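Predicted, not measured: the structure shown is a model, and the values here were computed from it. In what follows, every chain begins at residue 1, and chains take the letters A, B, ... in the order their sequences are listed.
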Amino acid sequence: MNKLVLIDGSGIAYRAFFALPLLNNDKGVYTNAVYGFTTMLLKIIETEKPTHMLVAFDAGKTTFRHKTFKEYKGTRQKTPPELSEQLPLIREMLDLMGIKRYEKELYEADDIIGTLSKVAQKDGWTTKVVTGDKDLLQLVDKNITVSLTRKGITEMDDYDPEKVMERYEIDPIRIIDLKGFMGDSSDNIPGVPGVGEKTAIKLLKQFGSLEAVYEDLESVSGKKLKEKLEANHEQAVLSKQLATIDVHAPVDIQLEDLAFESNFSQALGDLFKELEFSSLLDRIGFEATIEEETRDFDIHVELVHDITETLLQKESAVLVETLDENYHYADILGFSIVNEQGNYYVPKEVALASTLFKDWLEDGTTKKIVYDAKRDIVAMRWHGIQLRGIHFDINLASYLIDPSESNHDLAAIAKRRKIHYVYSDEAFYGKGAKQHIPEEEKLADHLVRKAHAMLELEPLLSEELQTNHQSSLFFELEMPLAKVLAEMEIKGVAINEQTLKDMGIELNEKLERLEKDIHQLAGVAFNINSPKQLGEILFEKLNLPVIKKTKTGYSTSADVLEKLQGSHDIIDHILEYRQLGKLNSTYIEGLLKVIHPKTNKIHTLYRQALTQTGRLSSTDPNLQNIPIRLEEGRKIRKAFVPSKKEWIMFAADYSQIELRVLAHIANDENLIKAFNEGMDIHTKTAMDVFGVKDDEVTSLMRRHAKAVNFGIVYGISDYGLSQSLNITRKEAAAFIEKYLDSYPGVRNYMTDIVQKAKHDGYVTTLLHRRRYLPEITSRNFNRRSFAERTAMNTPIQGSAADIIKLAMVNMAHRLEEEELEANMLLQVHDELIFEAPKHEIEKLKVIVPEVMESAIELKVPLKVEASYGQTWYDAK
DNA sequence: GTGGGCACGC
DNA sequence: GACGTACGTGCCCACG
């Protein structure tokens, strides 16, 4: 059976261009439309497995339609040059993929597609049309389906005749009548003014066609409508004509010529590499390979059998290779050292057996350039080495220079700075099941290349940091913080395993009971954890009203279920099942799984070079999302205990740090005054937004005010606020307006920062952390709006992150100075958690708030609340 | 192995 | 007027 795929090339290119941010490769060539187009093609090839393919393009500005209506597409904006310059690349891509393309003078892509789809239909073929243009739905027929891009570029909705009927309630061919009435502003087709989709469909359902409506105009209900139709008769007929795809266009190609096979050439792989589509390479059957220019670079490697003084210089790039992502468990593969004396590879056994080498690693007076200081410190510590003398972390530097850079691998950092001789780890070791460690000679070569690049990169990155005014952010904040975090990770947090296990047993019993009840209420056994099965039960079997749909089916999220509460007893049970199930799988079973066998503690990994705002993140396990808001979940914290008897857990959190930062940055008098007077900020906001006095603030007002503050801090939209408060978007927008009226300094800040971001291309935090926002000038409303909210939010959230990081570095020094035994263990964005002997409590109660509050001086005081107890749970 | 849906924290 | 809307991590399911 032949399967033909016809693609609206012009439409998809246009769509891809606007759907994706303006990407470019290292030569500055724009690639977003090519990339989007290509991912769409690959998806189609993979899912449809076509035997024949054609991409049709519009031939030029003038088409036969302009003869009847010279203003056709008259309001179209000129194609942006950033897109035009990508069209030849798309053509080249198609040629290399072996996909035929076609354009015809005076005809549009639609007409070519229409004509060929009907020829194929006659020959008994199956055809799929891929487009972003709803007009093409008129082609839907037996054996012809139309795929409309939905959001982005690779997500599509398939329309067969039934689906068109379901969506529009008319036959596919009546799409042209619909267009006749509605018109189309993007093509400058007038239609009948005042008639939209709803009215047009009503008319077509009643009369059948546009012509039939005009033949029997008297039967049309509504005087106004009748007048509008009468006055625009000619225009409606013309509009229908313009919207009609010519299925008899003079297309001079045979279907057989469109044969397609998906075995791709090396030339295509080369083009992908040139355009930096590395993530797509394996989809066309190419591995990420080491490029020739990289391989050809000759580097002399000295394999070290005996450690001597000569290779241990005052300044070196040092690499300790650990393959396991989780460096608490990672084995060391080997070391490389590159300095002015040479390029050395030191096998693991040689390195670990040498006291000379160990002493050098532990020598704080030598300057070591590393790629990931925290990983190196921790990994070596597990092998008994106290790494010191770290001077420069390549990864951290790259992150500070541009956190949005998607790839901070050494090879990528190097390549962006014209250093091409490093292999990417993925290309060298392989990924997934194919990962393996090559023979020692190759490994030595790889590691030495990496260290060599590190040595070469250090001055380049230093220079960039300096240009960005980020030297002190780097050397005085992030570098010292890496060491502090390493110590926290190594120390780990002790866990009372039995507490977790007991909670697990209790939870399992409750879950079993709940499951039984739910199955009974449903009348059938099913998997409650499957949103798909749950949706079928709720909305098909029990016929509950559908509140929201996801792209794959019914939404069963908590906010949907909450709206269904009361309509069926099963809902409450499901909500409870979900809540307890989450606790059990993520927090009980999940945490038990990651207790380190050697220490019986949990050692998280902080990601210091990941988030766009400068916050840390925590993985393996994530200790930054341990439940607190609901009591059942909060109990999990009872399992987090001090590592020594007679010790306690001590917690200290910043109160409203983001809003204080906002008061400072925005220099808002009202907000500054509120903080200086020590007011409850949510109550204060409620007073201002609702215009009431202190004692008139109801709990609902305060809740709403709190959500508005939350929105300001996290940069959510009016839509986001409306969702969290369950109010309309308009009401949410009104709240935000009221807020900004009350805090004019904040309003000015919001306006100014967006302007500044447009001008500079980036925003910064108090300590010069930087976030680029290229989309702030996007023509796409969503992208632009998002960038604008990010511009407002990042300086707030990022500065708060700067402050707590600074406090952590200071705290580590202070604990040492005071010779306290207390250990700093965890950071949860605005909170620090310690363990300490009881006799240090009184001292900590003074020192910890003092260090945190004095981390930085703002126009408002910083406030810290501290508490302690037997477990993390009790430190509240 | 991957993407989607969901839920946890800040 | 629609668009699709704080971030990050991890679980389970369903798909190939």
Phosphate OP1/OP2 of [N] contacted by [X] side-chain N/O (<4.0 Å):
X        : N      : value
A:Ser717 : C:dA6  : yes
A:Ser530 : C:dA14 : yes
A:Ser617 : C:dT9  : yes
A:Asn527 : C:dC13 : yes
A:Arg629 : B:dG9  : yes
A:Thr556 : B:dC6  : yes
A:Lys532 : C:dC15 : yes
A:Thr550 : B:dG5  : yes
A:Gln579 : B:dC8  : no

Once you apply a heavy-atom cut-off of 4.0 Å, does [X] come out as touching a base, just sugar-phosphate, or nothing?
X        : answer
A:Thr790 : nothing
A:Ser618 : sugar-phosphate
A:Arg578 : sugar-phosphate
A:Glu658 : nothing
A:Asn529 : sugar-phosphate
A:Gln723 : nothing
A:Leu583 : nothing
A:Ser785 : nothing

Open item on the list: Can you tell me the base-pairing partner of B:dC8? Count Watson-Crick or G-U wobble geometry only, both distances below 3.5 Å, and say none if there is no partner.
Closed with: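 WC or wobble partner is C:dG8.
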- [ ] Please give the nucleotide sitting opposite C:dG16 as a Watson-Crick or G-U wobble pair, both distances under 3.5 Å, or none.
- [x]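 Across any shown strand, C:dG16 pairs with none.
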Open item on the list: Working note: A:Glu562 + A:Arg578, criterion salt bridge (charged side-chain N to carboxylate O under 4.0 Å, His left out); need CA distance, chi angles, decisive distance, verdict.
Closed with: CA-CA 12 Å; A:Glu562 274 157 24; A:Arg578 277 257 179 88; over 6 Å; no
Nearest to the [X] side chain among [options], which nucleotide is it?
X        : options               : value
A:Thr619 : C:dG10, B:dC6, C:dC3  : C:dG10
A:Asn782 : C:dG4, B:dC10, C:dG10 : C:dG4
A:Lys582 : B:dC8, C:dC11, B:dC10 : B:dC8
A:Arg789 : C:dA6, C:dC12, C:dT9  : C:dA6
A:Asn622 : B:dG9, C:dA6, C:dT9   : C:dT9

Which whole-number value in Å describes the distance from [X] [atom1] to [N] [atom2]?
X        : N     : atom1 : atom2 : result
A:Gln435 : B:dG1 : CD    : C1'   : 15 Å
A:Lys548 : B:dC6 : NZ    : C1'   : 11 Å
A:Leu773 : C:dA6 : CG    : P     : 16 Å
A:Tyr719 : C:dA6 : OH    : P     : 9 Å
A:Gln797 : B:dG9 : CD    : P     : 17 Å
A:Ile736 : C:dA6 : CD1   : P     : 11 Å
A:Gln612 : C:dT9 : CD    : P     : 11 Å
A:Glu536 : B:dG5 : CD    : P     : 14 Å

Using the [atom1] atom in both, what is the distance from [N] to [M], to the nearest Å?
N     : M      : atom1 : value
C:dT5 : B:dG4  : P     : 12 Å
B:dA7 : C:dC3  : C1'   : 26 Å
C:dG4 : B:dC10 : C1'   : 23 Å

I'd like to know whether [atom1] of [X] has more than 12 heavy-atom contacts from other residues, nucleotides or ligands below 6.0 angstrom.
X        : atom1 : answer
A:Lys134 : NZ    : no
A:Lys3   : NZ    : yes
A:Lys706 : NZ    : no

TODO: Using the closest heavy atom to pick a nucleotide of DNA chain C for each, name whichever of A:Ser585 or A:Arg729 lands nearer the 5' end.
DONE: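 Nearer the 5' end of the strand: A:Arg729.
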- [ ] Describe, in one word, how the ring planes of A:His328 and A:His603 are oriented to each other, choosing from parallel (under 30°), tilted (30 to 60°) and perpendicular (over 60°).
- [x]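 If you compare the ring of A:His328 with that of A:His603, the planes turn out tilted.
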Open item on the list: Check this for me, if you would: do A:Glu197 and A:Arg167 make a salt bridge, where the nitrogen-to-carboxylate-oxygen distance has to be below 4.0 angstrom?
Closed with: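 The answer is yes: the pair qualifies as a salt bridge.
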- [ ] Let me see the working for A:Glu631 and A:Lys635 under salt bridge (charged side-chain N to carboxylate O under 4.0 Å, His left out), right down to the final yes or no.
- [x] CA-CA 6 Å; A:Glu631 178 56 25; A:Lys635 289 204 168 74; 3.5 Å; yes
TODO: Kindly say whether, by distance alone, the side chain of A:Asn625 makes a donor-acceptor pair under 3.5 Å with the base of B:dC8?
DONE: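 A donor-acceptor contact between them is present.
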- [ ] State which residue, out of A:Glu536, A:Lys549, A:Lys532, A:Glu540, fulfils the side-chain hydrogen bond (donor to acceptor under 3.5 Å, both in side chains) condition with A:Tyr554.
- [x]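 Answer after filtering A:Glu536, A:Lys549, A:Lys532, A:Glu540: A:Glu540.
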